Student: 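Provided herewith is a single structure, encoded as C-alpha cells, for subsequent inquiry.
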2 protein chains.
Amino acid sequence: MNKSDLKLISVLERTGGFASAQELHQILRREGDGIGLTTVYRALQSLVDDKIVDLLRRDDGEAIYRLCGDGHHHHLVCKGCGQTVEIEGGAIENWAKTKAEEFGFREVAHTAEIFGLCSKC
Amino acid sequence: MNKSDLKLISVLERTGGFASAQELHQILRREGDGIGLTTVYRALQSLVDDKIVDLLRRDDGEAIYRLCGDGHHHHLVCKGCGQTVEIEGGAIENWAKTKAEEFGFREVAHTAEIFGLCSKC
DNA sequence: ATGGAAATGATAATCATTTCCATTTGTGAT
DNA sequence: ATCACAAATGGAAATGATTATCATTTCCAT
C-alpha cells in the first residue's frame, strides 16, 4: 500500500460509482496531480490483487473499477445517464449457489447486473 | 444471413465452446478459407445482433462468442478449462424484474454469469 | 551523507477491434 | 448473356486500452 494506491482510493471514494483507469487518471490530472497513467494502472492492479477494489468490464470490454463495499451486492445501471444503484442480491445468491452445486462446480463466484432506463431518462 | 455468417456458425458448431474472433479467424484460415479478419468481425457482430450467438468476455476483456440455445439463459463457466454450461435463469428473472421496478427502471435487461471450477479441474 | 531497493512516469510496444476504401461478387431487369 | 447497382469482402491503416521497458527519482535504513 503506497502513496499512489491511496490517491486512487481517494478518487474512488469521491466518485462513488465505477470508473475506468483512463477516467481515474484524467480526474487526478485535472486535480493537478501529475501522476502517470502507468502508475494508475499499477496501483489499480495492486488494489485488485489485495481485494480492495473490484474489477469488472463495460460492454465494450474496458475495465472499470470500484471500491469493494463490505458486503456483496449487485448493480442497477441506467443506460441513459449512467446512474447506478447498489442492490442486495437476495434470490440470486441462492440461485448461483444452487446451480453451481447442481453441476458439481466449486469455488464459485458470480456476476449479475441489471440495465435499464431510470425514471428520469 | 450471408455466406460468411454460415461459415462462422459452422465453426462454432464444431468447436462447441467459446472462441474469440481471432481464434475463429485462425481456424477458418487453417482450413484453407481465405476469409478476412474484418469479415469475421462483421459476421460475428451480425450474428450477435440477430441473437444467434452470445457474446461474453474473457477475464482480460477479449470478446468470446458462442452459439445461443433457443431461449434466454445464463452461463456456468469453468475458470480452469473454460467449459460452459447453459442454465435456466429461474429465480434470477424475477429478481431482476422486481428490483428494477422497485427503483422505477424501465426497459430492463440483465446479465448474470457464474464462475467456478468444474468437477474435473 | 550514502547505497540500494522500491516507486514513478515517459515512451514505445502489443493486441483486439474498427474504420476506410478499393475491389469483387451477387442479383435483378432488360 | 449483359448491364447496372447494391451488398459483401478483405487488406491496410487507425484507434484505443493495456502492458513492457527503462532511465530517473524518491525513500529509508545505516
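The analysis underlying the following values was restricted to heavy atoms, covering all of them including side chains, and did not include hydrogens, waters or symmetry mates. The sequence lines fix the lettering, A, B, ..., with proteins before strands; numbering per chain opens at 1. All values derive from a computational prediction rather than experimental measurement.
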Student: Does A/D59 CG have over 12 foreign heavy atoms under 6.0 Å away?
Tutor: no
Student: Check whether any side-chain heavy atom of B/I114 sits under 4.5 Å from a side-chain heavy atom of A/F105, and report yes or no.
Tutor: no
Student: About how many Å separate CD of A/Q45 and CG of A/D5, when rounded to the nearest 0.5 Å?
Tutor: 11.0 Å
Student: Do A/I64 and A/L55 touch side chain to side chain, with heavy atoms closer than 4.5 Å?
Tutor: no
Student: When the nearest nucleotide of DNA chain D is assigned to B/D60 and to B/R29 on a heavy-atom basis, which residue is associated with the more 5' position?
Tutor: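 That would be B/R29.
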Student: Taking any heavy-atom pair under 4.0 Å as a contact, classify B/S4: base, sugar-phosphate, or nothing.
Tutor: sugar-phosphate
Student: Please report the interatomic distance CE(A/M1) to CG(A/L6), rounded to the nearest 0.5 Å.
Tutor: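 It is 6.0 Å, given to the nearest 0.5 Å.
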Student: For a quick test of reading the model, state the closest non-hydrogen atom pair linking B/A21 to B/V40 and the distance between them.
Tutor: O-CG1, 3.7 Å
Student: Regarding B/E62, tell me which of base, sugar-phosphate or nothing describes its non-hydrogen contacts under 4.0 Å with the strands shown.
Tutor: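 Here B/E62 touches the backbone only, sparing every base.
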Student: Looking at B/R30, B/R58, B/R29, which hits salt bridge (Lys or Arg N to Asp or Glu O under 4.0 Å) with B/E23?
Tutor: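 So the option named by the test is B/R58.
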Student: With pairs defined as Watson-Crick or G-U wobble and both distances under 3.5 angstrom, please note down DNA chain D as a dot-bracket string, | for pairing with another strand.
Tutor: ||||||||||||||||||||||||||||||
Student: Going by heavy atoms closer than 4.0 Å, what residues in residues 32-39 of chain B are next to DNA chain D?
Tutor: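 Heavy-atom cutoff 4.0 Å gives B/G34, B/I35, B/G36, B/T38, B/T39.
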Student: CD1 of B/I35 to NZ of B/K3: how many Å apart, nearest 0.5 Å?
Tutor: 11.0 Å
Student: I need the CG-C1' distance between A/N2 and C/dG9, as an integer number of Å.
Tutor: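 Checked: the CG to C1' distance equals 14 Å.
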Student: For A/V40 and for B/A21, find the nucleotide of DNA chain C with the closest heavy atom, then tell me which residue's nucleotide is more 5'.
Tutor: A/V40
Student: Establish whether B/L8 and B/L37 are linked, either directly or via other cluster members, by ILVMFWY side-chain heavy-atom contacts under 4.5 Å.
Tutor: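 B/L8 and B/L37: separate clusters.
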Student: Between B/R14 and B/E31, is any pair of side-chain heavy atoms under 4.5 Å apart?
Tutor: yes
Student: Could you tell me the boundaries of the chain A footprint on DNA chain D, defined by atoms under 4.0 Å from its heavy atoms?
Tutor: D/dA17 to D/dC27
Student: Under a 4.5 Å cut-off applied to non-hydrogen side-chain atoms, are A/D54 and A/Y65 in contact?
Tutor: no
